[in-house]
**Student:** 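Have a look at this one before I ask anything.
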Amino acid sequence: MPRRLCTAFTVAMAGLLVACSGGDNAADRRTAMTIAPRVGGLAPAGTAADVYWQRFAATARRISDRRIDPVMLTRGEVGSDEQILQALRRNRLQIAVNGAHSISNTVPEFAVLGLPYVFDSDAQAEFVANHFLAERLDPLLRRQGLRLLRLLPMGFHNLYARREVRVPADLDGLRVRQPSDPASAAYAQALDLDLAQLPASEIVTSLQTGLIQAGTTVTLNYLWSGMTRYAPRLTLTRHAYLFNAVLANETWWNSLSDADRIVMERAFGSAAEYVELMRAAETRDLAAATARREVTTIELTDAERDSWRAPAAGVAQRMIGELGEDAQSVYDAMLAGRAAWMQSQERR
């Protein structure tokens with residue numbers, strides 16, 4: 001065969017091979033690459049949340065034969081919750097766990113999840129999250145380049161203080177630290193609280209110096225953060241619910257092969273597994289802190305609880321009016337989920 005014809009034939013055959021199998025080769029190369037997603041979060045070492053994330057990393061390595069090797073930055077190495085979320089959006093992190101409070105700065109509709117006195121129990125919140133909220137929230141996150149992998153019901157917000165507090169009037173003369181999301185701010189305004197705007201990293205030192213004397217947070221955060229030393233009274237107001245979300249950078253997530261996404265999903269486990277781990281830790285750690293007399297828990301009577309519930313009336317309508325139609329649809333999903341939960345309990 002003449003040299004020129006031989007060259008042309010070789011080029012043509014190479015092109016044919018690329019056309020027929022180039023996609024498969026690309027997929028094979030992508031599958032063969034080591035994937036090392038950077039994972040961010042705020043789980044103190046040794047806590048139940050830390051156990052969950054270390055388990056996730058170990059499972060991902062095991063079932064992928066170490067081809068997926070997460071870089072775990074889940075003990076606060078990246079910074080605050082807000083800094084973690086920004087790093088995720090910029091693809092400096094590929095996976096992160098964030099609270100609804102910080103997410104609401106980017107996706108305002110997430111603030112609706114923290115409205116006061118929507119949920120009556122952990123089981124109810126978990127049911128609504130699984131069956132009504134996750135599918136409604138994911139499209140809102142995708143607009144910001146994020147993908148919702150898990151919606152995690154964390155627990156109720158309660159009030160911690162240096163002295164006993166049973167009704168809102170007991171907060172007179174105390175400066176209170178609240179989360180900075182719109183729902184918390186609206187409820188604080190309804191209670192007419194003397195607020196101190198502080199980042200979470202300054203709560204303990206502010207309690208120590210007397211800059212604040214009270215605040216609200218979820219029980220596990222209260223127990224793990226060192227607040228108990230300076231604010232040993234925990235009033236179980238159960239006034240709002242905190243949801244965390246496991247998020248992925250959508251561009252990165254879409255770059256994975258289907259097989260890799262399946263591995264990641266398996267490594268995460270179900271939201272129920274995470275919730276069960278956290279519930280057990282909350283019960284155990286609160287009992288231990290109470291036994292050591294580090295914490296005094298204050299259960300409210302029905303009348304005392306009503307004094308916290310009454311100011312919440314109208315907060316949802318005012319806040320949703322400012323946030324718009326998507327916020328209303330999230331709120332409607334929450335109410336529909338509540339109704340479905342109640343019906344399911346009646347049938348039992």
Side-chain angles (χ1 to χ4, degrees), residues 39-63 70 72 74-76 81 95-101 103 110 113-114 118-135 137-138 147-158 217-225 228 234 236 238-248 262-291 295 297 299 333-334 337-338 340-342 344-345 348:
V39 185
L42 293 170
T47 61
D50 184 50
V51 169
Y52 173 83
W53 286 111
Q54 299 309 315
R55 183 185 299 170
F56 154 77
T59 303
R61 294 177 185 123
R62 175 175 55 79
I63 63 179
M72 303 306 292
T74 50
R75 295 174 176 171
D81 206 32
I95 299 170
V97 187
N98 292 102
H101 294 156
I103 297 172
F110 260 75
L113 303 186
V118 173
F119 298 107
D120 301 319
S121 68
D122 289 316
Q124 185 187 73
E126 291 161 24
F127 175 86
V128 175
N130 293 336
H131 299 288
F132 288 83
L133 282 178
E135 64 181 8
L137 294 170
D138 189 46
R147 175 69 67 91
L148 179 63
L149 302 182
R150 297 287 186 277
L151 186 62
L152 305 174
M154 292 294 295
F156 283 102
H157 278 263
N158 294 305
T217 190
V218 291
T219 302
L220 277 177
N221 189 47
Y222 168 72
L223 294 169
W224 291 349
S225 64
T228 59
L234 182 67
L236 302 180
R238 300 186 179 95
H239 60 275
Y241 210 88
L242 175 65
F243 292 87
N244 280 358
V246 181
L247 305 175
I262 290 172
V263 169
M264 298 296 290
E265 289 282 356
R266 287 181 57 195
F268 282 124
S270 68
E273 293 175 63
Y274 181 89
V275 169
E276 182 178 353
L277 190 66
M278 302 301 281
R279 291 284 173 276
E282 180 177 315
T283 301
R284 180 189 66 242
D285 293 353
L286 183 57
T290 302
V295 175
T297 58
E299 281 282 4
M334 292 167 68
R338 268 178 53 100
W341 164 259
M342 292 175 181
S344 70
Q345 299 307 295
R348 289 188 172 186

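Hydrogens, waters and symmetry mates are skipped; everything else that's a heavy atom, side chains included, is used. This is a predicted model, so every value here is computed, not measured. If you read the sequence from its start, that first residue is 1, and numbering goes on from there.
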**Student:** Any heavy-atom pair between the side chains of Leu223 and Leu286 that's under 4.5 Å?
**Tutor:**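 Result yes, sub-4.5 Å side-chain heavy-atom pair found.
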
**Student:** Would Glu265 and Arg150 pass as an ion pair if we require N to O under 4.0 Å?
**Tutor:**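 A salt bridge links Glu265 with Arg150.
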
**Student:** Who passes side chain to side chain contact (heavy atoms under 4.5 Å, CB included) against Ala49, sequence neighbours left out?
**Tutor:**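 Expected list: Ala43, Thr47, Trp224, Tyr274, Met278.
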
**Student:** Apply ring-ring contact (aromatic ring centres under 6.0 Å, His included) to Tyr52 and Phe268, showing your working.
**Tutor:** CA-CA 9 Å; Tyr52 173 83; Phe268 282 124; 7.4 Å; no

**Student:** Check whether any side-chain heavy atom of Arg266 lies under 4.5 Å from a side-chain heavy atom of Ile63, and answer yes or no.
**Tutor:**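 The answer is yes; the side chains approach within 4.5 Å.
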
**Student:** Is any side-chain heavy atom of Val246 closer than 4.5 Å to a side-chain heavy atom of Ile95?
**Tutor:**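 They are in contact (side-chain heavy atoms under 4.5 Å apart), so the answer is yes.
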
**Student:** After noting the C-alpha distance and the side-chain angles of Phe119 and Val128, does the key distance pass the side-chain contact (heavy atoms from CB on, under 4.5 Å) rule?
**Tutor:** CA-CA 9 Å; Phe119 298 107; Val128 175; 3.8 Å; yes

**Student:** Any non-hydrogen side-chain atom of His157 less than 4.5 Å from a side-chain atom of Arg238?
**Tutor:**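 When only atoms from C-beta onward are counted, Arg238 and His157 do not touch, as no gap falls below 4.5 Å.
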
**Student:** To the nearest 0.5 Å, what is the distance between CG on Asp50 and CG on Leu42?
**Tutor:**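 Separation between the atoms: 11.5 Å.
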
**Student:** Determine the interplanar angle of the Trp341 and Phe127 rings, folded into 0 to 90°, and report it as parallel if under 30°, tilted if 30 to 60°, perpendicular if over 60°.
**Tutor:**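 Because their plane-to-plane angle lies in the 30° to 60° range, the rings of Trp341 and Phe127 count as tilted.
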
**Student:** Check the pair Arg279, Glu126 against salt bridge (charged side-chain N to carboxylate O under 4.0 Å, His left out), reporting the backbone distance first and the verdict last.
**Tutor:** CA-CA 12 Å; Arg279 291 284 173 276; Glu126 291 161 24; 3.2 Å; yes

**Student:** Tell me, with the steps shown, if Ser225 and Asn221 meet side-chain hydrogen bond (donor to acceptor under 3.5 Å, both in side chains).
**Tutor:** CA-CA 6 Å; Ser225 64; Asn221 189 47; 4.7 Å; no

**Student:** Does the plane of the ring in Phe56 sit parallel, tilted or perpendicular to the ring in Trp53? Use 30° and 60° as the thresholds.
**Tutor:**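 Taking Trp53 first and then Phe56, their aromatic rings stand perpendicular (interplane angle over 60°).
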
**Student:** For the side chain of Gln124 and the backbone of Asp120, is there at least one donor-acceptor N/O pair under 3.5 Å apart?
**Tutor:**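 Yes, because the side chain of Gln124 sits within donor-acceptor range (under 3.5 Å) of the backbone of Asp120.
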
**Student:** Salt bridge (charged side-chain N to carboxylate O under 4.0 Å, His left out) with Asp285: which residues, sequence neighbours excluded?
**Tutor:**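 For Asp285, no residue satisfies salt bridge (charged side-chain N to carboxylate O under 4.0 Å, His left out) once neighbours in sequence are set aside.
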
**Student:** The criterion is side-chain hydrogen bond (donor to acceptor under 3.5 Å, both in side chains); which residues satisfy it with Thr219, sequence neighbours excluded?
**Tutor:**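 Listed in chain order: Asn158.
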
**Student:** Tell me whether Arg75 contacts the main-chain N or O of Gly41 through its side chain, where contact means a donor paired with an acceptor under 3.5 Å.
**Tutor:**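 No, because the side chain of Arg75 does not come within donor-acceptor range (under 3.5 Å) of the backbone of Gly41.
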
